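For reference, the structure is listed below as structure tokens.
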Amino acid sequence: MYRTHTCNELRSSDIGRHVTLAGWVASRRDHGGVIFIDLRDREGRTQVVFRPELSAGAAEAAHALHDEDVVQIRGEVAERIPGTANPKLDTGEIEVVASELIILNRSAPLPFQLDANVTNEDLRLTYRYLDLRRPPMLQNLRTRHTLNRVTRDYLDRYGFIEVETPILSKSTPEGAREFLVPSRLYPGQFYALSQSPQQFKQLLMVGGIERYYQIAKCFRDEDPRADRITELTQIDLEASFIEREDIIRLVEGLLAEIFRATRGAEVATPFPRLTYREAMDRFGSDKPDMRFGVELVDFSEAFRESQFKVFRGALDQGGVVKAINAKGFAGITAGQVEELTNLAKSSGARGLAFIKVENGEWKSPIVKFLGEPEKATLRERLAIEEGDLILFGAGQWETVCTVLGRIRSRVADLCGLERDPSDLKFLWVLDFPLMAYDAAENKWNAMHHPFTRPKTEDIPLLERGEYDKVRAEAYDVVLNGVEIGGGSIRIHEGDLQTKQFAALGIPPEAQQKLFRHLLEAFRYGAPPHGGIALGIDRLLMLITDTPNIRDVIAFPKNSRGFDLLMEAPSAVSDRQLRELHLQIRKRQ
RNA sequence: GGAGACAUAGCUCAAUUGGUUAGAGCGCUGCCCUGUCACGGCAGAGGUUGCGGGUUCGAGCCCCGUUGUCUCCGCCA
């Protein structure tokens, strides 16, 4: 038996007990005579003391211990000498007086100290197995485990069956770019790694499973971000004979249980709701952070006859003029103005008009173009006071909303507006547009995915080709400005699905080639169904309050999709390539 | 595909306007130390300042290029 107790188990009540512990040397304090080590395992730390007069051999060997050596210790639990208890340790009342020390394995000096703040993430990822020994990382993995366990219990209680779906699947190049896997048995043909179990879960509904879920790995060959990774995990679920309200109630209950179990937080349900249109209009985002105000206000009517050409021009071209009031931020520095302007430009704006309200005066390059009635409208609707900063956007509705939404968020950070991670502002965003026009490709794309059901009352719009007006029976769940999940009611009728594909520019032949399985399945009594997928990694970022998605994943790839630990991707042998019928082209 | 920031000892960082032999803390090595828990003391090793080029009497610092990392835009059905 390697151990009788863990390193976070012994207490005063165990004094006198003969025990065996095993773990890593977390710290050695060698006084020449008496030697202390902190022994660490998964559960915690226990101080071990070596006394030369009691066991000379063990003490002698203890002189040579180093950090992260793996040892086994036999000894007796003793009360610490009065005044030397350590209240910082759960086991701080006692210590183990070692009678025997067995070195199970030595450790070389570490490339970084486990108790230090390491900013070099490459190093942490290269030695991830060492990084994982740090308590916060272990805690993140435990939290992840709790989330998975609670999810399985909850969905089981509601009659959901966990079904695994293939990872090697078919390339259907709508949506995210896929990872392709060459086939040995079918020369020149490829699998695609599943970017989502979407089509399989719909086929499960046709299969009469009725309620499915999976903690599913999804693969997307897109550029990562701080909160995005190419290999992500989703709580994926789908149910038949349900409506939007059923999914919403189910997910609210699930999230409440997850936050109770992982954070001990009580989540108020039901969550507030906004339509996509409202969310964009008022907050400039389809995933607004509701922990602070600063809403976008529309001034299109007020500036209809404006002398200011930028505003007037935008309105004449069917656009909008909107503004936000950054309360008390008139003291913005020139550098900050430049930063906000660059943010606006990178978000699609031509520039960023602003007014500083200082010493009772409106300071701005544009103020000379404003008439008294316009000023009065601004003053009233933005509740302008001394010290405020007004920021404007003018142009196409969606661009203006997006620009001001990003400005809103940045201003909140610059102003130090409260963004308390324990303030959980959940939100449903409903009625997304079914499709979005892609000017670059000159075609309509599905906003969610091509299987999303149009709202029933909007189906005639779809049939008339008024694609921009068609709303989807789709819903996103948002927490503190982060989209943590999205889903929809699906199309279950073959003819409607065919029309939808056609609207997305997929002609009948391509439909058959790519989606024959689905269209065929819909011919045999497909039930009405819908579902949702929640991103576990992002959810954990919010639960653990970490800004880096890699910190909640045991073995993440870096932001370039490279695995520093395994050094993948890597070159393969000519023989492997031949088996796969592949030839590498020389790079130019 | 585009933009920005960063790169100095094993780690975290410093180095005044371009100026002597690039420093500190932690870690590492050796010695000392019997109640520490960020133990302490003494001594020591450790650097092609990412790489390449340029300007200069002189470059960690300025310029150009390049590589890597991170962040953002595009992208993410």
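Only this structure's heavy atoms are used, side chains among them; waters, hydrogens and symmetry mates stay out. No experiment lies behind these values; they were computed from the predicted model shown. Every chain is numbered from 1 and lettered A, B, ... according to where its sequence line falls, protein lines coming before strand lines.
Using a 4.0 Å heavy-atom cutoff across all strands shown, Asp122(A) reaches sugar-phosphate atoms only and no base atom. Residue Asn117(A) is classed as a sugar-phosphate contact, given heavy-atom separations below 4.0 Å to backbone atoms only. The residue Pro111(A) sits close only to the backbone: its heavy atoms come under 4.0 Å of sugar-phosphate atoms, none of a base. At a threshold of 4.0 angstrom between heavy atoms, the contacts of Arg28(A) with the nucleic acid are absent. In this structure, Asn558(A) reaches the sugar-phosphate backbone alone: every heavy-atom distance under 4.0 Å involves primed, P, OP1 or OP2 atoms, never a base. Residue contacts shown for Arg225(A) include a base, since a base heavy atom lies under 4.0 Å away. As judged by a 4.0 angstrom heavy-atom cut-off over every strand, Glu121(A) is placed among residues touching the sugar-phosphate backbone only. Heavy atoms of Arg124(A) sit nowhere under 4.0 angstrom from any nucleic acid atom. Counting non-hydrogen atoms under 4.0 angstrom, Leu504(A) reaches nothing in the nucleic acid. Nucleic acid contact class of Ser196(A) (heavy atoms, under 4.0 Å, all strands): base. Contact annotation for Glu483(A): no contact, since no heavy-atom pair falls under 4.0 Å across all strands. Here His63(A) lies out of heavy-atom contact (under 4.0 Å) with every strand. As judged by a 4.0 angstrom heavy-atom cut-off over every strand, Ala116(A) is placed among residues making no nucleic acid contact. Ser27(A) comes within 4.0 angstrom of sugar-phosphate atoms only, judged by non-hydrogen atoms across all strands, and of no base.
Distances shown here put a side-chain N or O of Arg550(A) below 4.0 Å from the OP1 or OP2 atom of U71(B). Here Thr119(A) does not reach the OP1 or OP2 of C70(B): none of its side-chain N or O atoms lies under 4.0 Å away. The shortest distance between the side-chain N/O atoms of Arg29(A) and the OP1/OP2 oxygens of U36(B) is not below 4.0 Å. In this model, the phosphate group of A3(B) is not approached by any side-chain N or O of Lys345(A) to a distance below 4.0 Å at OP1 or OP2.
Across G23(B) and C63(B), the matching C1' atoms stand 27 Å from one another, rounded to whole Å. Remark: the separation of the P atoms in U17(B) and C61(B) is 15 Å, to the nearest Å.
Per the geometry, CD1 belonging to Ile549(A) stands 10 Å off P belonging to U71(B), to the nearest Å.
Salt bridge absent: Asp227(A) and Arg225(A) never bring a charged side-chain N and a carboxylate O closer than 4.0 Å.
A side-chain donor-acceptor contact under 3.5 Å links Arg220(A) to the backbone of Gln195(A). Not one N or O on the side chain of Glu441(A) forms a donor-acceptor pair closer than 3.5 Å with the backbone of Asp438(A). Side-chain atoms of Asp69(A) come within 3.5 Å of backbone N or O of Ser107(A) as a donor-acceptor pair.
You'll find that the side chain of Asn120(A) is closest to U12(B), out of U12(B), U29(B), C37(B). When distances are taken from the side chain of Ala226(A) to each of U71(B), C37(B), C76(B), the shortest belongs to U71(B). Closest approach to the Asp223(A) side chain among G1(B), C72(B), C37(B) is made by G1(B) (side chain taken as heavy atoms from C-beta onward).
Using Watson-Crick or G-U wobble geometry with both donor-acceptor distances under 3.5 Å, G52(B) finds its partner in C64(B). Remark: C75(B) base-pairs with no nucleotide in the shown strands. Criterion, Watson-Crick or G-U wobble with two distances under 3.5 Å.
Evaluation of Phe36(A) against the base of U36(B) yields a stacking contact (centre distance < 5.5 Å, interplanar angle < 30°).
A donor and an acceptor atom sit less than 3.5 Å apart, one in the side chain of Gln47(A) and one in the base of U36(B).
Between the side chains of Thr165(A) and Gln214(A), at least one donor N or O sits under 3.5 Å from an acceptor N or O. At a cut-off of 3.5 Å, with distance as the only test, a side-chain donor of Arg29(A) or Gln47(A) sits close to an acceptor on the other residue.
Aromatic ring orientation, Tyr129(A) versus Tyr127(A): perpendicular (interplanar angle above 60°, classes split at 30° and 60°). Between Phe432(A) and Tyr276(A), the ring planes lie tilted relative to each other; the angle falls in the 30° to 60° range.
Within residues 559-567 of chain A, the residues having any heavy atom under 4.0 Å from RNA chain B are, by residue number, Ser559(A), Arg560(A).
Residue Arg11(A) is tested with Val77(A), Ile94(A), Asp90(A) for a side-chain contact (heavy atoms from CB on, under 4.5 Å); the sole match is Asp90(A).
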N/O-N/O pairs, protein side and nucleotides 40-44 of chain B side, under 3.5 Å:
none

